[in-house]
Amino acid sequence: MLQEALREIQRGSAEIIDNERIEKLLKAYFDEGKTYTVKAGFDPTAPDLHLGHTVLLQKLSTFQKYGAKVQFLIGDFTAQIGDPSGKSATRKTLSALEIQENAKSYKEQVFKLLDPSKTEVLFNSEWINPLGASGMLTLTTTFNVARMLERDDFDKRHKSGISISISEFIYPLLQGYDSVHLKSDIEIGGTDQKFNLLMGRHLQRAYEIGKEQSVLMMPILEGLDGVQKMSKSLNNYIGVADEPNDMFGKVLSVSDELMWRYYELLSAKTLDEIEALKNGVTDGSLHPKKVKEDLALEITTRFHSHESAKAAKAEFDKVHSNNQVPTEIDEYRSDAEIWIAKALVDCNLSPSTSQARRDIKQGAVKINQEKVNDEQLQLGSGEYILQVGKRKFAKLKVD
RNA sequence: GGUGAGAUAGUCAAGUGGCCAACGACGGCGGACUGUAAAUCCGCUCCCUACGGGUUCAGAGGUUCGACUCCUCUUCUCACCA
């Protein structure tokens, strides 16, 4: 039981510092029922959560299974500075109102994964504000500039003469101080957070609170392309707010290889269960597509509901396996006879008539399931289902 | 502040007077094959009711029959020096 818990906790992690302590905490839980705290900080600058952000949540959820109380920390104070990690320039700061809004949307999402009874939502302004100028000074005496500049991203910026604000030096200190105040046993974060996470250990020692937190770092989740990190700007993400149909479809579109990665980092299935799936695929008794569908169902269910996930699967089968028209498609109207290329542009199926013509030439355009060959085709009055490629549909009414 | 290099389509990157709407790579889109997977193969990839027209190569002027290519100024980026 203890071994299994350890394996699940280590699952997918990139690096663990002071693993022995985690083992001790778990042992104390299994032997004596003693709980412990796991801290994870979230910067309320990103209101649009995607699956990449949920890797940490999934890990927290695992910890909760094995006796952890989660300290879900929203860095409302620190967000005013902006985390310098991995940044090549000073971040612009957020207004108090924006931070509040973002924090709210965080709370709505996280309890889809976490057990509320074992989760404490905290805002660090609560203890950082009372620190005052003298408390802040004390904090800064625990560290020095030379060590701060050892940090890779600071070092690069310093050497290339890009300005580093003093407040950015303060950021890791404050994050570390959170661990002092909360007396966290373990802190988890992404690999890019290593410096900040270690600061927690440093400060817990400096403030002599009698423990030093273990640190568990999770890797950055790859996006749909399987290569680059999942991010909104690369448009390779699955948003937690995506519609069920989109979410299901996106999960199903990842490669088989990436699917296992997603299983490891996102699924609530145990390692043994996943191992069984892998064996099934290897010996041919399980079709990889089925396994991927299960993952898509699990994820869609998590953020929506079991019903909508099943509906998404049904819809998916309908459109893609049986080549039928989706249930819901956008409708457009035209009040006069219209040229096909123009119609495609009007229905947002093509960005320009030039593109529309190319699509037609390449046989990508269908009207009512019939391939269109004539670029000059005029659509008279009636109702048409327009289709470009495999997934873009629109309904057009011509009066 | 000084000196040198550079700015080309979504990104990287050719092109140094007409053969340039601009090589190539990546990405993206479409097609074939499939499990809407991956891999592979093929096609497309500025706009325009189009065998033609229009607007592009940081910005503004200029030279020229003709400029992405030459000249001037401006803006920005990078390297070295201080």
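Numbers restart at 1 for each chain; the letters A, B, ... are given by sequence-line order, proteins then strands.
Of the P atoms belonging to B:rA13 and B:rU74, the separation is 27 Å, rounded to the nearest Å. Between B:rC70 and B:rU8, the two P atoms lie 16 Å apart (nearest whole Å). B:rA32 sits 26 Å from B:rC48 when the P atoms are compared, rounded to a whole Å. Between B:rA14 and B:rG54, the two P atoms lie 31 Å apart (nearest whole Å). Using C1' as the reference atom, B:rG31 and B:rA22 are 27 Å apart when rounded to the nearest Å. For the P atoms, the distance from B:rU75 to B:rG59 is 16 Å, rounded to whole Å. Rounded to whole Å, the C1' atom of B:rG52 lies 15 Å from the corresponding atom of B:rA21. Straight-line distance between the P atoms of B:rU72 and B:rA25: roughly 37 Å, to the nearest whole Å.
Pairing for B:rC51 is absent, judged as Watson-Crick or G-U wobble with the two contacts each under 3.5 Å. Nucleotide B:rC44 forms a pair with B:rG28, judged by Watson-Crick or G-U wobble geometry with both contacts under 3.5 Å. Pairing for B:rU64 is absent, with no Watson-Crick or G-U wobble pair whose two atom distances lie under 3.5 Å. Pair assignment for B:rC78 gives B:rG4, based on Watson-Crick or G-U wobble hydrogen-bonding distances that are each under 3.5 Å.
Using modelled atom types, one side-chain atom of A:Asp76 and one backbone atom of A:Asn124 make a donor-acceptor pair closer than 3.5 Å. In terms of modelled atom types and a separation under 3.5 Å, the side chain of A:Glu8 and the main chain of A:Leu271 share a donor-acceptor contact.
The hydrophobic clustering, which links ILVMFWY residues whose side-chain heavy atoms are closer than 4.5 Å, places A:Tyr263 and A:Val254 together. Hydrophobic cluster membership is shared by A:Leu221 and A:Tyr237, with clusters built from Ile, Leu, Val, Met, Phe, Trp and Tyr side chains linked at under 4.5 angstrom. Both A:Phe63 and A:Leu113 belong to a single network of hydrophobic side chains, linked directly or stepwise wherever heavy atoms of I, L, V, M, F, W or Y lie under 4.5 Å apart.
Counting non-hydrogen atoms under 4.0 angstrom, A:Lys292 reaches a base of the nucleic acid. Using a 4.0 Å heavy-atom criterion, one finds that A:Val254 contacts the sugar-phosphate atoms exclusively. At a threshold of 4.0 angstrom between heavy atoms, the contacts of A:Gly249 include nucleobase atoms, whether or not backbone atoms are also involved.
Here the P atom of nucleotide B:rA37 and the CH2 atom of A:Trp260 are 18 Å apart, to the nearest Å. One atom, CG of A:Leu258, and another, C1' of B:rA39, lie 15 Å apart when rounded to the nearest Å. Atoms CZ (A:Phe393) and P (B:rG30) sit 11 Å apart, rounded to a whole Å. Rounding to whole angstrom units, CZ of residue A:Arg261 and P of B:rA38 are separated by 19 Å. Distance, A:Phe248 CZ to B:rG35 P: 16 Å, rounded to whole Å. The interatomic distance linking A:Leu344 (CG) with B:rC29 (C1') rounds to 14 Å, in whole Å. Distance A:Leu349 CG to B:rG30 C1': 14 Å, rounded to the nearest Å. When the C1' atom of B:rG28 is taken as reference, atom CZ of A:Arg391 falls 12 Å away, rounded to whole Å.
In this pair, A:Phe143 and A:His202 present their aromatic rings perpendicular. The plane angle is above 60°, beyond the 30 to 60° band. The aromatic rings of A:Trp127 and A:His181 lie parallel to each other, their planes meeting at an angle below 30°, with 60° marking the opposite boundary.
A:Gln64 and A:Thr119 share a side-chain donor-acceptor pair at under 3.5 Å. A:Glu315 and A:Thr327 share a side-chain donor-acceptor pair at under 3.5 Å.
The base of B:rG27 lies outside donor-acceptor range of the side chain of A:Asp225, with no N or O pair under 3.5 Å.
With the nearest nucleotide of RNA chain B identified for both A:Asp256 and A:Gly389, A:Gly389 has the one nearer the 5' end. Closest-nucleotide positions on RNA chain B for A:Lys250 and A:Asp359 were compared, and the one nearer the 5' end corresponds to A:Asp359.
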Please list, pair by pair, any protein nitrogen or oxygen found under 3.5 Å from a nitrogen or oxygen in nucleotides 44-52 of chain B.
unit_1: B:rC44; atom_1: O4'; unit_2: A:Gln362; atom_2: OE1; d: 3.4
unit_1: B:rC47; atom_1: OP1; unit_2: A:Ser352; atom_2: OG; d: 3.0
unit_1: B:rC47; atom_1: OP2; unit_2: A:Arg358; atom_2: NH2; d: 2.8
unit_1: B:rC48; atom_1: OP1; unit_2: A:Thr353; atom_2: N; d: 3.2
unit_1: B:rC48; atom_1: OP1; unit_2: A:Thr353; atom_2: OG1; d: 3.3
unit_1: B:rC48; atom_1: OP2; unit_2: A:Ser352; atom_2: OG; d: 3.4
unit_1: B:rC48; atom_1: OP2; unit_2: A:Thr353; atom_2: N; d: 3.1
unit_1: B:rC48; atom_1: OP2; unit_2: A:Thr353; atom_2: OG1; d: 3.1
unit_1: B:rC48; atom_1: OP2; unit_2: A:Ser354; atom_2: N; d: 2.7
unit_1: B:rC48; atom_1: OP2; unit_2: A:Ser354; atom_2: OG; d: 2.8
unit_1: B:rC48; atom_1: O5'; unit_2: A:Thr353; atom_2: OG1; d: 3.2
unit_1: B:rU49; atom_1: OP2; unit_2: A:Thr353; atom_2: OG1; d: 2.9
unit_1: B:rU49; atom_1: O2; unit_2: A:Gln376; atom_2: OE1; d: 2.6
unit_1: B:rU49; atom_1: O4; unit_2: A:Gln378; atom_2: NE2; d: 3.0
unit_1: B:rA50; atom_1: N7; unit_2: A:Arg357; atom_2: NH1; d: 3.4
unit_1: B:rA50; atom_1: N6; unit_2: A:Ser354; atom_2: OG; d: 3.4
unit_1: B:rA50; atom_1: N6; unit_2: A:Arg357; atom_2: NE; d: 3.1
unit_1: B:rA50; atom_1: N1; unit_2: A:Arg357; atom_2: NE; d: 3.4

